[in-house]
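Letters A, B, ... are given to chains in the order of the sequence lines, protein chains preceding strands, and every chain is numbered from 1.
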Amino acid sequence: MSAPQQPRARIRFERVSVEFPSKAGPLRVVDDVSYEIGEREFVSVIGPSGCGKTTMLNIVAGFMRPSSGSVLLDDRPIAGPGPDRGVIFQEYGVFPWLTVRQNIEFGLKLAASRVPPGEHEEVCRRYMQLMGLAEFADAWPRMLSGGMRQRLALARAYAVRPEFLLMDEPFGALDAQTRSAMQDLLLEVLQAEDKTVMLITHSVEEAVYLSSRIIVMTARPTRIREIIRVPFGYPREESLHEKPEFGELRSHIRELVMKEYAAQARQTLRNTD
Amino acid sequence: MPILRRIALILAPWALVVLAWYAIAYSGLINPALVPTPGQVAARFWQLLFHARLPADIWMSTQRVFLGVLLGIVFAVPVGFVLGWYRTVRGFVDPLINFFRALPPIALIPLVIVYFGVGELAKIVILFYASFFSGVIVMYEGIAQINPIYVRVARTLGASDGEIFRKVIVPLTVPHMLTALRVSLGVAWATLVASELIAAQQGLGALIQNASSFFRLDIIYVGIICIGFIALAMDLLLRAAARRLLAWQERIA
Ligand SMILES: Nc1ncnc2c1ncn2[C@@H]1O[C@H](COP(=O)(O)OP(=O)(O)OP(=O)(O)O)[C@@H](O)[C@H]1O
Ligand SMILES: [Mg+2]
């Protein structure tokens with residue numbers, strides 16, 4: 001692969017630190033972290049549990065601010081949450097009181113919607129089709145399986161045409177088959193519509209398969225351990241999992257990650273003593 | 001066939017109660033003068049219904065309960081909402097609410113008479129008191145349990161504060177409002193007799209008290225059973241409404 005050209009930075013972490021107040025004084029969670037996520041990049045963030053991944057995602061989503069440093073979106077500070085950044089939460093957050101169709105329409109019908117009313121029906125139908133939910137248009141979420149709820153959350157986020165997708169362990173609760181199907185579906189959808197993606201995951205396999213770059217974080221207070229460029233182009237196919245280069249990269253990252261998980265575990269044990 | 005079975009299953013426990021009642025009445029264990037039989041009570045019910053003021057009593061009591069619960073809920077919903085939504089406010093107000101809720105309305109009657117007289121207002125105040133404090137607790141405990149993720153999701157989809165209130169918080173509040181209403185209605189019927197201790201001429205509570213001064217046990221039974229059945233009918237109605245309104249919920253309590 002030729003030296004990849006650095007795309008325009010869209011999300012930029014500049015010397016970001018986050019501290020939470022705790023009984024034993026301020027708890028430093030994110031420690032002076034800087035990185036960029038470029039236009040149309042798919043960046044995965046991987047690191048031990050409790051290191052501060054969700055915290056970083058929450059800052060980009062606009063739910064909180066760093067204690068010091070700044071996170072810039074297209075070179076501007078983030079004022080709050082907005083429909084330009086679609087967030088997929090680990091618990092999905094599908095609205096139980098709305099049907100599948102109404103869930104997807106929710107964002108379309110808000111005052112801030114950028115989708116003209118004439119297109120709502122079409123947009124809604126398209127994403128139900130794409131996510132395999134068309135037959136369940138009028139079903140309540142309680143009738144859906146976990147994988148279907150996940151797809152509904154994706155459809156709902158997509159419908160408002162976000163430029164960014166921020167995903168927090170979106171496939172963590174799914175079984176292996178559904179998970180793999182959802183990964184392919186995600187890649188397929190991204191192929192059709194360019195988006196800049198930040199994905200948090202614990203799965204090295206998933207990170208390598210989906211991402212253009214992977215950021216490995218250290219134990220808390222988290223710093224960047226290593227940033228790895230994934231040398232495979234898109235579209236990607238299942239057979240990629242079998243390639244020796246894939247395996248090598250996976251082993252390398254797994255080793256890094258294992259060390260950090262062990263460090264975090266030691267730290268947690270020490271703190272509970 | 002299954003519908004017959006269902007009806008049988010619904011009627012069975014009632015039949016059992018009536019049978020047990022007959023058994024006690026005829027067993028001789030208790031002085032028969034103290035236990036009218038179900039047949040006697042039914043006959044008395046029939047007579048009161050067509051030849052006395054029972055319909056007026058039922059109407060009066062229902063009206064009072066309605067008014068008391070209506071007022072109680074009108075205040076309980078917004079107050080419960082604020083307490084449920086703002087944790088810090090709840091911390092301060094919660095002990096106060098539990099203090100007032102624990103007071104039996106009957107103990108307040110002398111004070112109510114002093115401040116509100118012996119008219120209709122006094123009775124409504126008692127019922128309001130009972131339904132407000134029971135409703136407000138159900139309401140705020142329900143609201144406090146609303147998962148904040150829905151608000152976050154709505155924000156990321158671009159919802160304004162007003163839209164979040166209308167499109168997320170209101171639909172999530174409805175089930176708790178309905179539960180609060182059911183609880184308040186139950187408590188109000190339970191408090192009715194106490195409220196009608198205050199110089200009531202009419203109402204099921206008044207009927208029971210008059211009967212008790214003349215030792216008319218059959219009439220007392222009629223009054224009690226009427227209260228039970230009206231409360232049950234209202235609860236069934238509310239539950240049916242909830243089932244339609246809350247079809248999205250996993251289960252209806
Ligand atoms: N609001 C908060 N107040 C205090 N501490 C917090 C808060 N949010 C997070 N933390 C702490 O910050 C640390 C990082 O949390 P975060 O949720 O970002 O971890 P994570 O990397 O997403 O973990 P996981 O992989 O388990 O989801 C944790 O130790 C957590 O206890
Ligand atoms: Mg997390």
Pair count under 4.5 Å, heavy atoms only, with chain B: among A:Ser113, A:Gly93, A:Gly86, highest is A:Gly93
Can you tell which part of A:Ala111 gets under 4.5 Å to a heavy atom of chain B, answering side chain, backbone, both or neither?
both
Under 4.5 Å from any heavy atom of chain A, what part of B:Thr156 do you find: side chain, backbone, both or neither?
both
Under 4.5 Å to a heavy atom of chain B? For A:Arg114 that would be neither
Do other residues, nucleotides or ligands put more than 12 heavy atoms under 6.0 Å from the CD atom of A:Glu91?
yes
B:Val168 versus chain A, the contacting section by heavy-atom distance below 4.5 Å
both
If you count every heavy atom of other residues, nucleotides or ligands that lies below 6.0 Å from A:Arg40 atom CZ, does the total exceed 12?
no
Given a strict heavy-atom distance threshold of 4.5 Å, which part of A:Asn103 is in contact with chain B: side chain, backbone, both, or neither?
neither
Value rounded to 0.5 Å, distance of CD in B:Glu163 from CZ in A:Phe106
7.5 Å
Ranked by heavy-atom pairs below 4.5 Å to chain B, first place among A:Pro81, A:Pro141, A:Gly62, A:Pro96 goes to A:Pro96
Distance check, rounded to the nearest 0.5 Å: B:Gln249 atom CD versus A:Trp140 atom CH2?
10.5 Å
Look at B:Gly162, B:Pro175, B:Ala154 and state which one has the largest set of heavy-atom pairs under 4.5 Å with chain A.
B:Ala154
Please check if atom CD in B:Gln63 has more than 12 non-hydrogen atoms from other residues, nucleotides or ligands closer than 6.0 Å.
yes
Any chance you could measure A:Met143, atom CE, to B:Trp248, atom CH2, to the nearest 0.5 Å?
13.0 Å
Above 12 or not: heavy atoms from other molecules or residues under 6.0 Å from CZ of A:Arg12?
yes
Pairwise distance NZ(B:Lys167) to NZ(A:Lys109) - rounded to 0.5 angstrom:
7.0 Å
Which heavy atom in A:Ala112 sits nearest to a heavy atom in B:Gly158, and how many Å separate them?
CB-O, 3.4 Å
With a distance cut-off below 6.0 Å to the six-membered ring centre and an angular limit of 45° from the axis, does B:Arg152 pair with A:Phe89 as a cation-pi contact?
no
A quick test of your reading: do over 12 heavy atoms of other residues, nucleotides or ligands sit less than 6.0 Å from CD of A:Glu122?
yes
Crowded around A:Phe63 CZ? As in, over 12 foreign heavy atoms under 6.0 Å?
yes
Tell me, yes or no, whether the heavy-atom count around A:Tyr35 atom OH, taken from other residues, nucleotides or ligands under 6.0 Å, exceeds 12.
yes
Without swapping roles, check the side chain of B:Arg155 against the backbone of A:Gly82 for a donor-acceptor pair under 3.5 Å.
no
Got A:Leu110 and B:Leu157 here, is their nearest side-chain heavy-atom distance under 4.5 Å?
yes
